[in-house]
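A quick write-up on the structure given underneath.
As the structure lists them, so they are numbered: ligands from 1, and atoms in each ligand from 1. The figures that follow rest on heavy atoms only: side chains count, while hydrogens, waters and symmetry mates do not.
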Amino acid sequence: MQDKVEGGSERARFTAMAEGTQEDWNIIGGQFAGFAGGLADRVLAHLRLLDGDFGGFPIDRLQHSLQTATRAHRDGRGEDYVVMALLHDIGDTLGSYNHPDIAAAILRPFVSEELHWICEKHGAFQGYYFFHYLGLDRDAREAFRGHPHFDACREFCEKYDQAAFDPDYRSEPLEFFEPMVRRIFARPINSIYAKRRPAA
Ligand SMILES: [Fe+2]
Ligand SMILES: [Fe+2]
């Protein structure tokens with residue numbers, strides 16, 4: 001991952017935002033596009049941190065991510081779903097106690113409310129398959145019973161996430177998914193920092 005973010009040499013002149021001018025914000029706004037354009041690269045670099053991270057599982061977390069995404073892709077899921085599947089555990093490095101929240105926050109500007117919900121809640125739904133071995137409640141997902149996306153999240157875990165620990169499964173490599181990640185992260189649809197796009 002790059003240590004420093006390269007940017008233009010022009011700088012705003014204010015020392016407190018309350019003193020900012022249009023000229024200042026033209027400078028900052030002009031450099032934001034270049035920085036935001038590197039988001040997909042930063043996300044992919046962070047995903048690669050999962051390489052070699054086994055944590056006792058049969059395959060490492062990067063391979064689990066690739067297998068989850070590959071299974072979703074081969075099952076005919078759309079590009080936004082596949083990217084969500086690829087990134088659903090990207091928060092494992094920093095969010096050791098809440099990793100689904102990290103991935104959901106990263107994805108939120110770029111995916112539907114349903115895909116965001118699946119990602120954010122997958123921890124509780126995935127727990128159905130192992131929480132009882134850790135003295136936890138495997139039925140934690142029942143707190144969400146009746147929610148419009150309950151079945152979609154249950155299905156994500158059942159078909160793709162809990163099934164993606166097979167060392168013999170032939171997953172696509174990360175390079176296969178890179179163009180999808182770049183396309184999804186080039187188009188924010190829900191952000192307080194981007195103007196709303198007119199409906200297509
Ligand atoms: Fe997870
Ligand atoms: Fe997972």
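The side-chain tip of R42 points at the ring of F35 from less than 6.0 angstrom away and within 45° of straight on.
Sorting the N, O or S atoms of H99 by how far they are from the Fe ion (ligand 1) puts NE2 first. Per residue D161, closest N, O or S atom to the Fe ion (ligand 2): atom name OD1. For the Fe ion (ligand 1), the nearest N, O or S atom contributed by D89 is named OD1.
H88 lies close to the Fe ion (ligand 2), since one of its N, O or S atoms is found at a distance under 2.8 Å.
At a threshold of 4.0 Å, the pair R74-E172 counts as salt-bridged, since one of the basic side-chain nitrogens sits closer than that to a carboxylate oxygen. Look at R61 and D92 and you find a salt bridge, because one of the NZ, NE, NH1 or NH2 atoms lies within 4.0 Å of a carboxylate O, short of that distance.
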Q. Checking salt bridge (charged side-chain N to carboxylate O under 4.0 Å, His left out) for the pair D41/R182: CA distance, chi angles, key distance, verdict?
A. CA-CA 8 Å; D41 284 321; R182 295 189 193 289; 2.9 Å; yes
